[in-house]
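Throughout, protein chains are lettered first and strands after them, A, B, ... in sequence-line order, and every chain is numbered starting at 1. Any value given below was found using the heavy atoms of this structure, including those in side chains, with hydrogens, waters and symmetry copies removed.
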Amino acid sequence: MSGSLSVEAVRLALGMLELQARVASQNVARANEPGARAMTVDLAGIQSELAGVPTGATSIERLRTSASTVRGLEATETQAPIEVDAQVADMVVASTQYQTLTEALNRHFGLMRLAATGRT
Amino acid sequence: MPVESILDAARAGLAHERARMEAASRNVATANVAIPTGQAAQKWAAVSAPAGHDAGAAHLGRVDAPERVVTDPGHPLADAQGQVRYPDVDLVSEMTTLMTASRGYEANVRSFNLLRSMMLRALEIGAK
């Protein structure tokens with residue numbers, strides 16, 4: 001993996017967004033099953049860790065550990081019924097943030113390539 | 001995690017909504033089809049796949065349904081008392097199912113496309 005704090009933070013954020021989108025997708029798929037309840041995943045720990053990145057409150061190792069655990073997080077069932085519109089909106093938000101971060105990552109690697117080779 | 005399993009939920013949702021739509025439209029179509037004597041009243045519904053098939057895949061099955069009885073001695077399927085049995089199809093409920101299944105199908109297509117675009121963007125990281 002990379003030795004850059006920002007790349008590891010982006011990797012963790014991408015994993016978190018993918019998980020959010022997947023859970024929302026599962027909720028949309030079950031929306032018309034009788035008695036279905038919305039599933040959710042608790043990402044408060046991951047989000048507070050990402051919030052600590054600008055202040056230097058976390059380390060590359062902690063980010064890597066979190067990135068590997070985020071893939072194994074299980075969704076839990078809430079008591080709320082599934083609102084399809086809200087779930088699709090959540091997916092759109094997660095997808096847009098995902099694309100923003102991949103674009104930022106691409107530009108980051110482009111700058112590294114420019115620094116290393118003198119060409120874009 | 002395998003790449004293709006991300007889309008499994010959306011695919012299962014699409015199959016489920018399509019099965020519900022198919023069941024509702026068949027029920028509406030057979031609402032006025034008389035039941036032969038000796039047969040139980042049944043209607044179509046989306047049921048889970050039986051053992052051995054893809055777990056969670058929705059498909060159509062027959063379930064027991066209430067029946068309504070009409071007095072019509074001249075009907076070929078009338079019984080000894082001149083009664084003809086029909087499945088008691090609640091048209092309001094079936095039409096509502098059609099609409100919610102159609103909207104649910106669109107939502108699942110949206111969800112499928114969003115996940116697919118995320119996957120494609122991830123594959124483009126660092127490429128040029």
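Side-chain polar atoms of A:Asn32 and B:Glu17 form a donor-acceptor pair below 3.5 angstrom.
The neighbour count for A:Arg30 CZ, taken as heavy atoms of other residues, nucleotides or ligands under 6.0 Å away, is above 12. Heavy atoms of other residues, nucleotides or ligands lying less than 6.0 angstrom from CZ of B:Arg26 number more than 12.
No side-chain heavy atom of A:Val53 sits under 4.5 Å from any side-chain heavy atom of A:Leu12.
By number of non-hydrogen pairs under 4.5 angstrom with chain A, the leading residue of B:Arg20, B:Arg103, B:Arg121 is B:Arg121. With respect to chain B, the highest number of heavy-atom pairs below 4.5 Å among A:Val88, A:Val28, A:Val84, A:Leu14 belongs to A:Val28. Between chain A and the residues B:Ser117, B:Ala46, B:Ala107, B:Ser111, the largest count of heavy-atom pairs under 4.5 Å involves B:Ser111.
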Please test A:Asn106 against B:Glu124 for side chain to side chain donor-acceptor pair (under 3.5 Å), starting from the C-alpha separation and ending with a verdict. CA-CA 8 Å; A:Asn106 280 332; B:Glu124 286 173 11; 5.4 Å; no
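Neither the backbone nor the side chain of A:Gln87 comes within less than 4.5 Å of any heavy atom of chain B. Of the atoms belonging to A:Ala31, not a single heavy atom falls under 4.5 Å from chain B.
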